[in-house]
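Comments concern the structure below.
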Amino acid sequence: MSQEPDLWFDPAKCLIGGHWVEPASGEELPLLNPSTGDRIGSIARGTSADIDAAVAAAETARQGEWGKVTAVERGRILTRLGQLVLERVEHLARIEAIDVGKPLKQARADAVALARYLEFYGGAADKLHGETIPYLDGYTVYTLREPHGVTGHIVPWNYPMQIIGRSVGAALATGNACVLKPAEDACLTALAFADLAKQAGLPDGALNVVPGLGSEAGAALSAHPGVHHVSFTGSVATGSQVQVAAARNVVPVTLELGGKSPQLVFDDADLEAALPFLVNAGIQNAGQTCSASSRILVHRSVQDQVIERMAARYASLRVGPALEDLDVGPLISEKQKTIVGGFLEKGRDLAVAAEGVLQNASDGGNYVKPTLFAGVGADHVLARDEIFGPVQVIIPFDDEDEAIAIANGTDYGLVASVWSRDGARQMRLAKKIRTGQVFINNYGAGGGVELPFGGMGKSGHGREKGFEALYGFTTLKTVAAYHG
Ligand code: NAD
C-alpha cells in the first residue's frame with residue numbers, strides 16, 4: 001500500500017487567536033483511517049470553553065487588525081492561500097485520503113476545488129459594492145455591503161476541503177472573522193488549511209478552528225450569542241437544531257442539507273453521453289455526496305437499455321483502500337456502514353441489477369459494494385430517503401408529467417438533471433423541477449465554484465458558491481444623507 005502522508009501540524013490542537021492550543025477539556029478524540037479501521041492519531045475534543053475563546057478571538061480580530069485590512073488586501077491574502085493550496089494538492093489529497101477514505105483522484109479534485117474557491121473569492125473581494133439610489137430632492141442615498149461580523153462554519157466530513165473553500169473563503173473575502181468547527185470524523189484538512197492561512201498572512205483571529213463533537217463544540221457554536229451568522233452543511237436533523245439555536249439569537253443561517261437528486265432520462269436522450277454521468281454521480285465519494293444522484297428516472301421504453309449499460313459499468317467498479325485510488329473507497333465510519341447496510345436490507349424485496357467488486361478491502365475498513373437496484377417504485381423507501389452510500393435506484397416512468405411528479409416527490413430539492421434532445425422539454429422541465437440547480441444533458445456541470453448552489457425544501461436554504469455567496473456573507477446598510 002502507498003505511504004501515508006506526514007502531518008506538519010499537530011492534529012490534537014485547536015487554532016485560536018493565531019495560536020495552536022490544547023483544548024480546554026485536555027481530552028482527545030480518536031482519528032481513524034476508514035480504509036483500515038486503524039487508529040492513526042488523535043484530534044482535539046474542543047468544547048464550549050474553546051468555542052467561547054475562539055469567538056472572542058474572532059471578535060478581537062474584526063475590531064482590530066483584520067477589520068482594518070482593505071478589500072484588495074483580503075483578496076491578495078486569499079489568492080496567496082489558494083496558491084499555497086495548489087502547491088500542496090498531492091499532500092492535501094493524501095491527508096484527505098487517510099482521513100475521509102477518498103480515492104486519491106477524488107481527493108486531488110477537492111484540493112484543486114479548494115484552491116479555485118480561494119482564487120475566485122480572492123479575485124472577487126474588491127468587486128462587491130453597494131449602489132446609489134435616486135431619491136427625494138436634497139438627499140443622497142447609497143448602500144454599503146458590510147460583513148456580518150463573526151461567522152460560524154459547521155462542516156461535515158464528506159467534502160471538507162470544498163465546503164471550507166466555499167464557506168470560509170466567501171466569509172473571509174467579505175471581511176468576516178470565522179470560527180470553523182470541522183466534523184469529528186474528518187478535520188485534518190481543516191487544520192492544514194488553517195496553518196496555510198497563517199502562512200499566507202491572514203491576521204491572527206480572522207480564522208479560528210475548533211475540532212470536537214457536534215453535540216459539544218458544534219452546538220456551542222450555533223448557540224453562541226457572539227456569532228452573527230451561521231453557515232451549516234450537514235444532515236437535516238442537525239441543520240434544524242442549528243437553525244433553532246441560531247434563531248434564539250436572531251441571526252441568519254445558511255443550511256446546506258441532504259438530497260435525493262434525480263436524473264431524468266427520456267426516450268430521446270443520448271444514452272451514450274448520459275451513461276458515465278448516470279453512474280458516477282451516484283458512486284462518487286462512495287455516494288456520500290449531498291448532491292449524489294441516487295435516483296435514475298427512466299422512460300419505460302429505454303429502461304432495459306439503461307439497466308443493461310449501468311449494470312455493466314457497476315460490475316466493473318473496484319472498491320478498495322483510498323490510497324490505492326480505485327473507483328470507490330470505504331465509507332467514512334462504521335456507523336455510516338451500518339446505516340447503509342440497513343438500507344440495503346430494506347431493499348431485499350427489490351431486483352439487484354448489479355454490484356461492484358471489492359479489491360484489497362481489509363476487514364477493518366468500512367467497505368460497501370456499490371449496488372444498483374432496478375424497477376423500483378417511486379414510493380419505496382430506497383427511492384425516497386437519502387442513503388448516503390453507493391446505492392442507486394432505477395425508477396421507470398411513462399410520460400413527462402409522471403417524471404416531474406416523481407422528481408418533485410421527495411422532501412428534498414437539491415439538484416436534478418434532464419437528459420433529452422427536445423429543447424422545449426428541457427426548458428419546461430428546468431422550470432417545473434423544484435431544486436436549487438437543474439442540469440440539462442449533464443450532471444454537476446463539473447462542480448464549478450462560480451455556480452450558486454443550495455437547496456429547496458429539506459435540502460436547505462440560502463446559497464453558497466458563486467458571487468451569490470458574497471451577498472449571503474454580508475448585510476446591507478442604507479445611508480440616506482440630507483444636504484438640502
Ligand atoms: P451531521 O449533521 O451529523 O454533521 C455535520 C456537522 O454538524 C459536523 O461538523 C457535526 O459535528 C456537526 N453537528 C452535529 N451535531 C450538532 C449539533 N447538535 N449542533 C451543531 N453542530 C452539530 O451530518 P454528517 O453526517 O456529518 O453529514 C452528512 C449529511 O450532510 C448528509 O445528510 C448530507 O446530505 C449532508 N451534506 C449536505 C451538503 C450540502 O451542501 N447540501 C454537503 C455535504 C453534506
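Not measured: the values here are computed from a predicted model. Both ligands and their constituent atoms are indexed starting at 1 by order of listing.
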Original post:
Of the backbone atoms (N, CA, C, O) and the side-chain heavy atoms from C-beta on, which set of Glu386 has a member under 4.0 Å from an atom of ligand 1: side chain, backbone, both, or neither?
Top reply: side chain
Original post:
Tyr159: heavy atom below 4.0 Å from ligand 1, yes or no?
Top reply: no
Original post:
Identify the closest protein heavy atom to atom 24 (P) of ligand 1: which residue and atom is it, and at what distance?
Top reply: Trp157 NE1, 3.4 Å
Original post:
For ligand 1, which part of Thr289 has a heavy atom less than 4.0 Å away: the side chain, the backbone, both, or neither?
Top reply: neither
Original post:
Are the side chain of Ser25 and the backbone N or O of Arg45 linked by a donor-acceptor pair below 3.5 Å?
Top reply: yes
Original post:
Near Ala219, which atoms of ligand 1 are under 4.0 Å from a heavy atom of that residue?
Top reply: 19 (N), 20 (C)
Original post:
atom 4 (O) of ligand 1: protein heavy atom closer than 4.0 Å?
Top reply: no
Original post:
Can you tell me if Gln263 uses its side chain to pair, donor with acceptor, with the backbone of Phe277 under 3.5 Å?
Top reply: yes
**OP:** Mind checking whether Gln241 contacts ligand 1 via backbone (N, CA, C, O), side chain (CB onward), both or neither, at a 4.0 Å heavy-atom cut-off?
**Re:** side chain
**OP:** State whether Phe232 and Lys181 meet the cation-pi test: NZ (Lys) or CZ (Arg) under 6.0 Å from the six-membered ring centroid, and within 45° of the perpendicular axis.
**Re:** no
**OP:** Taking Asn442 for its side chain and Ile440 for its backbone only, find out whether a donor-acceptor pair lies under 3.5 Å.
**Re:** yes
Subject >> Those atoms of ligand 1 less than 4.0 Å from some heavy atom in Glu184 >> reply: 10 (C), 11 (O)
Subject >> Numbering as shown, the atoms of ligand 1 that approach Glu256 to under 4.0 Å (heavy-atom distance) >> reply: 37 (C), 38 (C), 39 (C), 40 (O), 41 (N)
Original post:
Between Tyr443 and Phe439, how do the two ring planes meet: parallel, tilted or perpendicular, split at 30° and 60°?
Top reply: tilted
Original post:
Hey, does Phe232 come in under 3.5 Å of ligand 1, counting only N/O atoms on both sides?
Top reply: no
Original post:
Relative to atom 20 (C) of ligand 1, which among Gly218, Ala292, Cys290 owns the nearest non-hydrogen atom?
Top reply: Gly218
Original post:
Under a 4.0 Å N-O cut-off, is there an ion pair linking Asp385 with Lys260?
Top reply: no
Original post:
Can a salt bridge be assigned to the pair Glu90 and Arg108 using a cut-off of 4.0 Å between side-chain N and carboxylate O?
Top reply: yes
**OP:** Considering the heavy atoms of Asn158, write down every atom of ligand 1 situated less than 4.0 Å from one of them.
**Re:** 43 (C), 44 (C)
Subject >> Contacting atoms of ligand 1, where contact means under 4.0 angstrom from a heavy atom of Phe453 >> reply: 40 (O)
Subject >> Subset of ligand 1 atoms that lie under 4.0 Å from at least one heavy atom of Lys181 >> reply: 9 (O), 10 (C), 11 (O)
Original post:
Considering only heavy atoms, which of Val244, Ile163, Thr238 lies nearest to atom 15 (N) of ligand 1?
Top reply: Thr238
Original post:
Is the shortest distance from a Lys or Arg side-chain nitrogen in Glu345 or Arg348 to a carboxylate oxygen in the other one below 4.0 Å?
Top reply: yes
Original post:
Which heavy atom of the protein is the closest neighbour of atom 35 (C) of ligand 1, given with residue, atom name and distance?
Top reply: Gly234 O, 3.0 Å
Original post:
Out of Ile154, Leu414, Thr233, Leu213, who gets a non-hydrogen atom closest to atom 12 (C) of ligand 1?
Top reply: Ile154
Original post:
Which of the atoms of ligand 1 are close to Val155, meaning less than 4.0 Å from one of its heavy atoms?
Top reply: 6 (C), 8 (C), 9 (O)
Subject >> Gap separating the CG atom of Leu429 from the OG atom of Ser417, nearest 0.5 angstrom >> reply: 10.5 Å
**OP:** Specify whether His148 and His229 have parallel, tilted or perpendicular ring planes, treating 30° as the upper limit for parallel and 60° as the lower limit for perpendicular.
**Re:** parallel
**OP:** Report yes or no: does Asp327 contribute a side-chain atom to a donor-acceptor pair with the main-chain N or O of Leu317 at less than 3.5 Å?
**Re:** no
Original post:
Nearest protein heavy atom to atom 14 (C) of ligand 1, by residue and atom, and its distance?
Top reply: Gly214 CA, 3.4 Å
Using distance only, find each side-chain donor-acceptor pair of residues 16-24 under 3.5 Å and give its atom names and separation, not counting sequence neighbours.
none

**OP:** Around atom 28 (C) of ligand 1, find the nearest protein heavy atom and jot down its residue, atom name and distance.
**Re:** Phe388 CE2, 3.4 Å
**OP:** Taking Arg463 for its side chain and Gly455 for its backbone only, find out whether a donor-acceptor pair lies under 3.5 Å.
**Re:** yes
**OP:** Say whether Arg166 and ligand 1 are in contact under the criterion: heavy-atom distance to a ligand atom below 4.0 Å.
**Re:** yes
**OP:** Salt-bridge test for Arg116 and Glu450: reply yes if a basic N is under 4.0 Å from a carboxylate O, no otherwise.
**Re:** yes
Original post:
When you measure from atom 27 (O) of ligand 1 to every protein heavy atom, which one gives the shortest distance, and what is it?
Top reply: Pro156 CB, 3.6 Å
**OP:** Could you list the atoms of ligand 1 found under 4.0 angstrom from a heavy atom of Ser235?
**Re:** 1 (P), 2 (O), 3 (O), 23 (O), 29 (C), 30 (O), 32 (O)
Original post:
Considering only the protein, which heavy-atom contact is closest to atom 37 (C) of ligand 1, and what is its distance?
Top reply: Leu257 O, 2.8 Å
